[in-house]
Amino acid sequence: MADAPGKFYITTAIPYVNAAPHIGHALEFVQADVIARYHKLLGEDVFVTTGADENSLKNVKAAEGLHITTRELVDRNAMLFREFAERIGLSFSVFLRSSDKDIHWNGAQELWRRCMKAGDIYRKSYKGLYCVGCEAFYTEDELDDGICPVHKTKPEPVEEENYFFRLSKYQKELERAIESGEFRIIPVQRKNEILSFIKGGLEDFSISRSVARARGWGVPVPDDPTQIMYVWVDALSVYMTGVGFGRDESSFDKWWPADVHIVGKDIIRFHAVYWPALLLSAGIRLPKALLVHGFLTIEGQKMSKSLGNSVSPMELLKQYSTDELRYYLMRDPPTFDDGDFSENGLKDRINKELLGDLGNLVNRVLTLTEKSGMQSFSGPNELGGKLKLEEIRSRMDGMDIHMALESIMEFVRACNKYVNDKAPWKLDGKELESVLYNLLEGIRSISILLYPYIPATCEQIAQKLGTKITKLDDVAFRPSFTEKLSKGGYLFKKV
RNA sequence: AGCGAGGUGGGGUAGUCUGGAGUGCCCGUCGGGCUCAUAACCCGAAGAUCGGAAGUUCAAAUCUUCCCCUCGCUACCA
C-alpha cells in the first residue's frame, strides 16, 4: 500500500489513577509508542493522546481510604503516570487529565449536548440494589444469597432518576460499521466477540449519576446541576478533547477521526459499542480502528492485589534500561493475546537477543570494518534479499507489532549467519569490501526498523555508523556505504 | 447453560481452510565443529501415541461425529 503522507492520530486508554502504574500500563504505552514512531517513519504527522481518568468514583473512594482529598490523590497519582509515560519513552503529544476543566470539560459537555439535540438522551428512573456501605449498586448474581459480600448486609432497593442514552437505536449502524471494517476491531476474535454481543440486542444505558452518588466529583451534566456525567462518557471524550474538540476546532478537524485507539480487553465494550454509538448520535466520524491487547500474568500468576504480585515498571527501570524493558514487552507477549511477565524472561531476552544477537552483530561488524582500514564500501547485494520488508510492513499495518518484531529479528539472525558463512576475517580486498558493504547496509536498515521499539539504542547504532534514523523508505540497500564510522562501546551489558 | 477461541516433543508457536512420511521456527538440555565478536553460526543427539474416542480415506495434526480440559464473552456500579 502506498503511503499517502498524512496524519496519524493514536490514543492510549486513560488509566484510573487510583494506584501507581503497573507493568500492564507499560505494555500498552509501549505498544502505542511503537505504532506512533512507526508512522513517523512513514513520514506521517503523528499525534498521541494519553492521560488520566480522574472522575471515577473509584478515585473518590481510594482517596477516602488514604484520608486525603480526591484532588490530592489524583494530583499525586496523575503525576506518577505522567512521569512514567515519559520514562518508558511514550512520545505523547498531550497528557490530558479528565479533571482538567479548561481543556476537557467543555468538549465532554458538547458531546452530551449533541446527543441530546439528536434526541438520544432521555430521563428514566433506575432501580437497583444499593449497598450503603459500599456506596455501590449490585446485581443479584454479585450478591451472596442477597447479602453484600463485603458488608454482610442486605442492600436496599433504591430508585434514582438518571439520563439514559438510546443505544438500542444504533444497533444496526454499529453492526454495519464493524462488519464492513469502516470501524476496524483488531484482532478478529475481538471483532466477533463484539458483533455477537451487539447482535444479542442492545439496551439503552444510563449516562449520568446523581450528584450525591458521584460524591459531587466529575463533569456536570449540561443544564442540570443535580446530575454528573457517567464517567465513561466523560473519559471517552478525552480522545476528542485531546485534539481540540470543544476548544480548537481547526485542530480537531485536522486530527479527527482517530486512526486507532489502543485498549485492554477489559474495556472493549465501552470502546467498541458505547463510544461509536455516542459518536454516531452526535454526528461525529467514527475512529478507524480499535486495537485490543491482552493482559500480562506475573510469573505465571494473575496480577492481583491480594497476591501482592503487581510489578512496578518504575522499579524495573532502576535496573534495566527503557529500551531493554520496551524490547521485552514487545518481544515476549503476543500483541493480541495474554502473555507472561517474568524477570528471568526479561534477562534472557536482554542477554540472548539484545546483547548476543543485535549487540554482537553491530560490534563484530564494526570491529571487522575498523580492522579492514577501508573507507567506502560497495559490492553485489547479497543480504538485502533476506530482509522481508513487505512482511514487516504488512504486519505493522495490521498492528501485529509482536510479529513484525519477529520478522526484524529474523533479519538480525540472517546477518549474523551471513558473517559466519562469509568468514570475512579470512578475506581481503574486493571480497572483504563486498561483505562489509552488505553488513553495514544491513545494520543501517536494522537501525531504522528497530527504531520504533528501541529508539535510544537505534540512535546509538546510527551514531556509530555515522548515519541518521530517517524514513522507512531508506530501508533499502543503497549502492554504496561511505559514512564515517565511530565504533564506540558496547550497546548492552550482560544482566 | 449459551456463544466464541484454543489444546502440536520440556516451554512457546507455525502448519489445519485447499488431507500425503510428525514437517518448520524461537527458547531449553546434551555432544562436536568454527572463532572476527560482551559471541555468533553450523553439524549431530535426546525428547511428541499432534487433548481423548470413533468414523471417512490408499493416506488424517488437517475432514466428520461424540467426549474431556483451558480461556474469553453473556450489559448500566471501570
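It should be emphasised that the depicted structure is a prediction, and the values quoted were computed from it without experimental measurement. The sequence lines fix the lettering, A, B, ..., with proteins before strands; numbering per chain opens at 1.
In this structure, A:Glu64 pairs ionically with A:Arg215, as a charged nitrogen and a carboxylate oxygen lie closer than 4.0 Å. Using a 4.0 Å cut-off between a side-chain N of Lys or Arg and a carboxylate O of Asp or Glu, A:Lys169 and A:Asp204 do not qualify as a salt bridge.
Rounded to an integer number of Å, the gap from A:Arg190 CZ to B:rC73 P is 7 Å. Note: CG (A:Asn416) to P (B:rA37) measures 14 Å, nearest angstrom. Rounded to an integer number of Å, the gap from CD of A:Glu410 to P of B:rC26 is 8 Å. Put simply, CD on A:Glu193 is 13 Å from P on B:rG6, counting in whole angstrom units. At whole-Å resolution of the value, NZ in A:Lys417 and P in B:rC25 are 11 Å apart. In this structure, the CD atom of A:Gln189 is 9 Å from the P atom of B:rA5, given to the nearest Å. The interatomic distance linking A:Lys487 (NZ) with B:rC36 (P) rounds to 14 Å, in whole Å.
Annotation: of the two residues near RNA chain B, A:Ile268 and A:Asp357, the 5′-most nearest-nucleotide partner is A:Asp357.
Taking atom C1' in both B:rC34 and B:rG44, one finds a spacing of 15 Å when rounded to whole Å. B:rC71 and B:rU8 have their P atoms separated by 15 Å, with the value rounded to a whole Å. Annotation: B:rG32 and B:rU38 have their C1' atoms spaced 24 Å apart (nearest Å). B:rG7 and B:rC17 are spaced 14 Å apart, taking the P atom of each and rounding to whole Å. B:rG20 sits 11 Å from B:rU62 when the P atoms are compared, rounded to a whole Å. Rounded to whole Å, the separation between the P atoms of B:rC36 and B:rA46 comes to 32 Å. Using atom P as the reference point in both B:rA53 and B:rC68, the two lie 15 Å apart (nearest Å).
Contact annotation: A:Lys422 side-chain N/O to B:rC36 OP1/OP2 distance is not under 4.0 Å.
The aromatic rings of A:His25 and A:Phe29 sit tilted relative to each other, their planes meeting at an angle between 30° and 60°.
Scanning atom types as modelled, one donor and one acceptor separated by under 3.5 angstrom connect the side chain of A:Asn420 and the base of B:rA40.
Shortest non-hydrogen contact noted between A:Asn438 and A:Glu382 is OD1-N, 2.8 Å.
Evaluation of A:Trp425 against the base of B:rC36 yields a stacking contact (centre distance < 5.5 Å, interplanar angle < 30°).
A centroid separation of 6.0 Å or more is found between the aromatic rings of A:Phe341 and A:His22.
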